[in-house]
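Before any comments, here is the structure.
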Amino acid sequence: MTILVTGSAGFIGANFVLDWLSEHDEPVVSLDKLTYAGNRQNLGSLVNDQRHLFVQGDIGDSDLVTELLSTHKPRAVLNFAAESHVDRSIHGPEDFIQTNIVGTFRLLEAVRTHWSQLGETEKAQFRFLHVSTDEVYGSLGPTDPAFSEQNKYEPNSPYSASKAASDHLVRAYHHTYGLPVLTTNCSNNYGPYHFPEKLIPLIIHNALVGKPLPIYGDGQQIRDWLYVKDHCCAIRRVLEAGELGETYNVGGWNEKANIDVVHTLCDILDEEQPRTDGRTYRDQIAFVKDRPGHDRRYAIDATRLERELGWKPAETFETGIRKTVRWYLSNQDWVTNVTSGAYREWVGKQYA
Ligand code: NAD
Ligand code: DAU
């Protein structure tokens, strides 16, 4: 038995593969295009691991995906591959349309063709799990209930619109062709290997190098934070026991305003690695121009996943965020490689 994981060199995909192989011996075939967000070094500990095969390629490359499916005959395909940064989608939506919509469509087509040729038992056991986001539901008012699986889709950014389109395609492939799909819609993740363009790793990095800590607008936007390993655990559980064609919201019950997240990070850094001038990292906070169309509040109601599949997050925000800060402090080489661009040469050096 084997699984095929796309987007495996990115933040969540890499955490998923590392956790999977620390808990199972079931092999993983990794497919990743290695865009700017894909970092082969994230899977560096698996270089000599016979259970893992890394393939550089695009989910939209139908020939490559078809070949991988027929050669490795995975029992499941887990699709993490995406363009994932909202700000980039505002500056240049094209890549988001290509990967998140066209790429997912081509991946679905290749998987459908492969699946339709399987024997009855393998066909029944096969799964396509699509990893999606809470952003497809739009933005909540201050007193609105958290997003449940019944909320309608109201995406507001090119990123969330492209993810919404991919979710709809996945749904349609189940409804029309009977493809055995599962979809997860998760809130904001944080933890190891998070690319330092996203709020939490950016703030940690900027704090340590003495740069301003940029807060968009008034900093009162709310996100619902989940430690990445809890997300990975939820995905494993949905893959194992999720009802076909269904969607599962995944979240940590950790709603926080951005400014509070940044204050927490500054306070932990003040304890763990104080500034040499004795001042607090909070002094580096700078309010900057807001993100266009900035969603005000996200919150996930993960009751279904808890009730039906027995999943619960293991980390609170307080435990997870301290682990995360400590990971970045102990992995400054990783951060330097990413911020300098050296991570792009890692493969050449590693295999020289
Ligand atoms: P990421 O940007 O860190 O990683 C994405 C990975 O996909 C990269 O390794 C990149 O090289 C790869 N990729 C991009 N285009 C590709 C293509 N055409 N073919 C193959 N590989 C390609 O993203 P992430 O934060 O790890 O997110 C993973 C998934 O989880 C995404 O689908 C995202 O929408 C979803 N998600 C993310 C969060 C979050 O907080 N980060 C929350 C909920 C859902
Ligand atoms: O909700 C899930 C989504 O979370 C995922 O689908 C996306 O892939 C992921 O990138 C994330 O999107 P956000 O836009 O919420 O994450 P980001 O880290 O970019 O921003 C978090 C909040 O912090 C958001 O309100 C914008 C704000 N922000 C962000 C940056 C980078 C700042 O105030 N300053 C910053 O410099």
Side-chain angles (χ1 to χ4, degrees), residues 5-16 30-40 42-43 55-61 64-65 78-90 95-96 98-104 106-107 130-137 139 147 155-157 159-160 162-163 166-167 184-191 193-203 206 212-226 228 231-232 234-235 249-251 256-259 261-262 285-291 294-300:
V5 177
T6 74
S8 50
F11 163 48
I12 306 175
N15 275 287
F16 181 85
S30 273
L31 173 65
D32 197 296
K33 187 176 173 182
L34 296 182
T35 67
Y36 80 94
N39 183 347
R40 203 51 191 86
N42 295 351
L43 299 170
V55 178
Q56 182 173 1
D58 193 323
I59 56 167
D61 181 342
L64 173 64
V65 174
L78 291 93
N79 184 30
F80 294 81
E83 289 293 335
S84 70
H85 191 35
V86 174
D87 293 324
R88 285 182 189 256
S89 83
I90 295 167
D95 287 347
F96 290 73
Q98 283 309 328
T99 284
N100 300 0
I101 307 180
V102 180
T104 304
R106 294 214 180 115
L107 179 65
H130 181 61
V131 179
S132 192
T133 171
D134 59 359
E135 301 203 9
V136 296
Y137 297 121
S139 185
F147 300 126
N156 289 320
S157 71
Y159 162 69
S160 55
S162 67
K163 289 296 290 185
S166 68
D167 293 10
T184 53
N185 293 89
C186 190
S187 61
N188 285 63
N189 284 214
Y190 65 99
Y193 305 110
H194 205 180
F195 198 87
E197 64 182 352
K198 307 278 172 74
L199 180 70
I200 287 180
L202 178 89
I203 294 297
N206 280 14
L213 311 181
I215 312 271
Y216 297 164
D218 63 3
Q220 293 303 325
Q221 302 82 6
I222 289 172
R223 297 292 182 265
D224 183 353
W225 294 96
L226 180 69
V228 63
H231 185 192
C232 295
I235 291 170
N249 282 358
V250 188
K256 305 272 176 209
N258 292 339
I259 186 69
V261 170
V262 175
I285 289 174
F287 287 87
V288 300
K289 193 165 158 283
D290 208 352
R291 171 186 281 175
H294 199 170
D295 284 339
R296 197 69 182 164
R297 174 177 166 237
Y298 305 141
I300 276 280

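We count ligands from 1, going down the list as the structure has it; atoms in each ligand are counted the same way.
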Stepwise, does the ring-ring contact (aromatic ring centres under 6.0 Å, His included) test hold for Y216 with F287? CA-CA 6 Å; Y216 297 164; F287 287 87; over 10 Å; no
Approximate separation, where rounding is to 0.5 Å, of S162 OG and E135 CD: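 With rounding to 0.5 Å, OG (S162) is 10.0 Å from CD (E135).
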Can you measure from CD1 (I200) to NE2 (H194) and round to the nearest 0.5 angstrom?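 Nearest 0.5 Å value for the CD1-NE2 distance: 7.5 Å.
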Scan N188, N189, N15 and name whichever one has a side-chain hydrogen bond (donor to acceptor under 3.5 Å, both in side chains) with H231.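 When side-chain hydrogen bond (donor to acceptor under 3.5 Å, both in side chains) is applied between H231 and each of N188, N189, N15, only N189 qualifies.
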Give me the residue, atom name and distance of the protein heavy atom closest to [atom].
atom: atom 8 (O) of ligand 2; result: S84 O, 2.7 Å
atom: atom 19 (N) of ligand 1; result: I59 N, 3.0 Å
atom: atom 25 (O) of ligand 1; result: F11 CD2, 3.6 Å
atom: atom 36 (O) of ligand 2; result: L202 CD2, 3.3 Å
atom: atom 33 (O) of ligand 2; result: Y216 N, 2.8 Å
atom: atom 21 (N) of ligand 1; result: K33 N, 3.1 Å
atom: atom 32 (O) of ligand 1; result: K163 NZ, 2.7 Å
atom: atom 42 (C) of ligand 1; result: S187 O, 3.2 Å
atom: atom 34 (N) of ligand 2; result: P214 O, 2.9 Å
atom: atom 4 (O) of ligand 1; result: G10 CA, 3.4 Å
atom: atom 28 (C) of ligand 1; result: F80 O, 3.3 Å
atom: atom 19 (O) of ligand 2; result: R291 NH2, 3.0 Å
atom: atom 43 (C) of ligand 1; result: C186 O, 3.3 Å

Please list, in number order, the atoms of ligand 2 under 4.0 Å from a heavy atom of K198.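 Checking each atom against K198, I get 10 (O), 18 (O).
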Look only at interatomic distance and state if W225 has a nitrogen or oxygen under 3.5 Å from any nitrogen or oxygen of ligand 2.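 No; every N/O pair is 3.5 Å or more apart.
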Check this for me - ligand 2, T133, N or O atoms closer than 3.5 angstrom, yes or no?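 Yes - when backbone and side-chain N and O of T133 are compared with those of ligand 2, one distance drops under 3.5 Å.
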Options [options], ranked by nearest heavy atom to [atom], top entry:
atom: atom 5 (C) of ligand 1; options: G7, A82, S84, G191; result: A82
atom: atom 39 (C) of ligand 1; options: T99, I12, N42; result: I12
atom: atom 33 (C) of ligand 1; options: Y159, Y193, F16; result: Y159
atom: atom 5 (C) of ligand 2; options: F11, Y159, Y190; result: Y159
atom: atom 27 (C) of ligand 2; options: V136, N258, D134; result: N258
atom: atom 16 (O) of ligand 2; options: N188, D290, I222, L199; result: N188
atom: atom 35 (C) of ligand 1; options: V65, V136, V131, V228; result: V131
atom: atom 6 (C) of ligand 1; options: N100, D95, D32, N189; result: D32

Taking non-hydrogen atoms only, is [X] closer than 4.0 angstrom to ligand 1 via side chain, backbone, both or neither?
X: S8; result: neither
X: N185; result: neither
X: Q98; result: neither

Non-hydrogen atoms of [X] versus ligand 1: any pair closer than 4.0 Å?
X: Y190; answer: no
X: N188; answer: yes
X: A9; answer: yes
X: S132; answer: yes

Going through the checks in order, is the side chain to side chain contact (heavy atoms under 4.5 Å, CB included) test met by I59 and N79? CA-CA 9 Å; I59 56 167; N79 184 30; 4.2 Å; yes
Going by the order shown, which atoms of ligand 1 are within less than 4.0 Å of some heavy atom of [X]?
X: L34; value: 11 (O)
X: G57; value: 19 (N), 20 (C)
X: A81; value: 7 (O), 20 (C), 21 (N), 22 (C)
X: D58; value: 17 (C), 18 (N), 19 (N)
X: T35; value: 10 (C), 11 (O), 14 (C), 15 (N)

Region of [X] that comes within reach of ligand 2 [heavy atoms, distance under 4.0 Å]:
X: N189; value: neither
X: H294; value: side chain
X: E135; value: side chain

[X] and [Y]: side-chain donor and acceptor closer than 3.5 Å?
X: T99; Y: K33; answer: no
X: S166; Y: N100; answer: no
X: S187; Y: D134; answer: no
X: T104; Y: H130; answer: no

Going through the checks in order, is the side chain to side chain contact (heavy atoms under 4.5 Å, CB included) test met by H85 and K198? CA-CA 7 Å; H85 191 35; K198 307 278 172 74; 3.3 Å; yes
Answer yes or no for E197: is there a heavy-atom contact with ligand 2 below 4.0 Å?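 Judged by the 4.0 Å heavy-atom criterion, E197 does count as contacting ligand 2.
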Any side-chain heavy atom of Y159 within less than 4.5 Å of one from T133?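 Touching, per the 4.5 Å side-chain cut-off.
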Chi angles and distances behind the side chain to side chain contact (heavy atoms under 4.5 Å, CB included) call for Q220, I259: CA-CA 6 Å; Q220 293 303 325; I259 186 69; 3.6 Å; yes
Under 4.0 Å between a Lys/Arg side-chain N and an Asp/Glu carboxylate O for D218 and R296?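 The answer is yes: the pair qualifies as a salt bridge.
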Verdict with reasoning, I215 to V262, per side chain to side chain contact (heavy atoms under 4.5 Å, CB included): CA-CA 8 Å; I215 312 271; V262 175; 3.6 Å; yes
Do the numbers put R223 on top of the ring of Y298, so that NZ or CZ is under 6.0 Å from the six-membered ring centre and no more than 45° off the axis?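 R223 over Y298 ring: yes.
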Looking at F11, Y193, F80, which one forms a ring-ring contact (aromatic ring centres under 6.0 Å, His included) with F16?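 Testing F16 for a ring-ring contact (aromatic ring centres under 6.0 Å, His included) against F11, Y193, F80 leaves exactly one candidate, F80.
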